[in-house]
Visitor: 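Input: one structure, supplied below.
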Amino acid sequence: MDHEKNESNHNELDQNKPQQNNNSPSDDILEQKNLGSENLIPQNPTDEIKTESVDQKSQETLPVTEKKKRNPYKIAFFSLGGIILLGGISYFGYQYYKNHQVEPITENVCLDTDTKIYDAYKDAVVMVKHRYAFFAKIKGKEVQLNIPEASEQTLFGTAFFVDKKGNMISNSHVLQPWNSPENIDQINTDASNIRRKIASILTTDISEDGYETFIASNWGNASSEYSDEGEGDYHGGEGEADQGEEFVTSDEPAVDSTAEAVDIAASIPQKDYVSEEDIEVYMKTIDISVALHNSAEEFLPCTIEKVSEDQSVDLGVLQLTTKETPNTVVNIISLDNAVTDDQSLRPGEKAVMIGYPLGEDLAQTISGIKVQLYDGQISKESDGTKIQYSVTSTHGASGSPIFNNCGQLIAVNFSGVEKVQGYNFGIIAKEINSVYPFLAAEAKVDHIN
């Protein structure tokens, strides 16, 4: 029975052999891989859970990824908005800059409004600050006097650039106030009194380096009544002796009063005083400088170049020590374009002033120095040297340029009626060329260049 079963199994095996032989090697390899995959058993069950959770997370984040794909549109939207915003800022910024930018003046163009005149020349008009005091020259040694009668003084005025070399026009009484007609007599009187007082206290034994300190500390003992007569003598004795007869009793010995007086005088130390002839007293500039419009109280040092010798022509020339006009001054006030025919200036025509009345008191603001504009009318015909107008003015405006309705220079402001507004005077523009012809020539050269 068993033999029959084995024989039948053997026959089945023989029948399967051809089938196995018919299979290709690749099929065998594939079959082995499938068997291997079926026999794999995960060693840690949690790995399977982690794999499933990762798959779930990837599926959950899929919508977010899809949303992120839409973000470039938002970026483009905001970028476009930013570009539009920046463009708007740039446009309005340019317009502001353009409106506030000083443009060079075209020759022979009429600036027909006060605002145009102001915008064209505001940077060319400067505030002058002049510090001056009394000085004494004693035996050739110069010292500044620090005494009550000779305290340091500060004056404010106005000047304006007329070329690119730093030359400015102002009034002579701004540059040398001690020589102005209204001051010169008083200054000379004060200087004479100071000279006598110095001679009354300054002795020859004081060294040159000690002059200034000695005069200041002993000024209370000085006297302007001092006289050269008896110079160096002691003046503390009594007056002349009585002319009456001197009675002496026979019991008293005679006394030689003359010899006694000589002995007393000899016991008093004698001092020699410096002669008035060796002392010279005068006023002098300590420093002079100018401040530009819109500057933060930055004063630029200057030198006084020329002052008119004619007292009726109140003009002078001031120059920056750098001898170069700042780049911020786009338009100088051209003397070549000034009105030199003063007879053409008629009463009723406009007069415009740009300057610094009251100096720092009005000019100083929280954003720096600011020049001001005032206008009025020509009140009276020119007398050949000066012209009258109704422009408001006061101390500090001396040296201000006066323009006509087209912005041409017609005069330089120099005086007014004290305590009354509307009665002011200017030196006519043609006097600048007559007194300082080199300025007009330099202005033409600068214009050509």
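What you see below is based on every heavy atom in this structure, not just the backbone, and it leaves out hydrogens, waters and symmetry mates.
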Visitor: Do Tyr282 and Glu280 pair up side chain to side chain, a donor and an acceptor below 3.5 Å, judged on atom types alone?
Guide: no
Visitor: Output yes when Glu142 and Lys284 qualify as a salt bridge under the 4.0 Å nitrogen-oxygen rule, no when they do not.
Guide: yes
Visitor: Assess, by modelled atom type and distance only, whether the side chains of Ser200 and Arg196 contain a donor and an acceptor separated by less than 3.5 Å.
Guide: no
Visitor: Checking the side chain of Asn218 only, and the main-chain atoms of Phe214 only, is there a donor and an acceptor separated by less than 3.5 Å?
Guide: yes
Visitor: Does a side chain donor of either Gln377 or Ser379 reach within less than 3.5 Å of an acceptor in the other side chain?
Guide: no
Visitor: Considering only residues two or more places apart or on different chains, which pairs with a residue in residues 349-362 satisfy side chain to side chain donor-acceptor pair (under 3.5 Å)?
Guide: Asp114-Lys350
Visitor: Which heavy atom in Ile286 sits nearest to a heavy atom in Ala133, and how many Å separate them?
Guide: CD1-CB, 3.8 Å
Visitor: Suppose we call two aromatic rings close when their centres sit under 6.0 Å apart. Are Tyr121 and Phe160 close by that rule?
Guide: no
Visitor: What is the minimum heavy-atom distance between Ala429 and Val339, and which atoms define it?
Guide: CB-O, 3.7 Å
Visitor: Ser180 side chain to Pro177 main-chain N or O, any donor-acceptor pair under 3.5 Å?
Guide: yes
Visitor: Is Glu381 salt-bridged to Arg346, cutoff N-O under 4.0 Å?
Guide: yes
Visitor: Any side-chain heavy-atom pair from Lys116 and Thr113 closer than 4.5 angstrom?
Guide: yes
Visitor: Indicate whether the side chain of Ser382 and that of Asp342 have a donor and an acceptor atom separated by less than 3.5 Å.
Guide: yes
Visitor: Just by distance, no angles: are the side chains of Ser295 and Glu298 close enough, under 3.5 Å, to form a donor-acceptor pair?
Guide: no
Visitor: Is the NZ or CZ atom of Lys129 positioned over Phe299's six-membered ring, under 6.0 angstrom from the centre and within 45° of the axis?
Guide: yes
Visitor: Could you tell me which non-hydrogen atom of Val290 sits nearest to which non-hydrogen atom of Leu318, and how far apart they are?
Guide: CG1-CD2, 3.8 Å
Visitor: Is it true that the side chains of Ser334 and Asp336 contain a donor and an acceptor less than 3.5 Å apart?
Guide: no
Visitor: Are His173 and Asp314 close enough that a side-chain donor and a side-chain acceptor fall under 3.5 Å?
Guide: yes
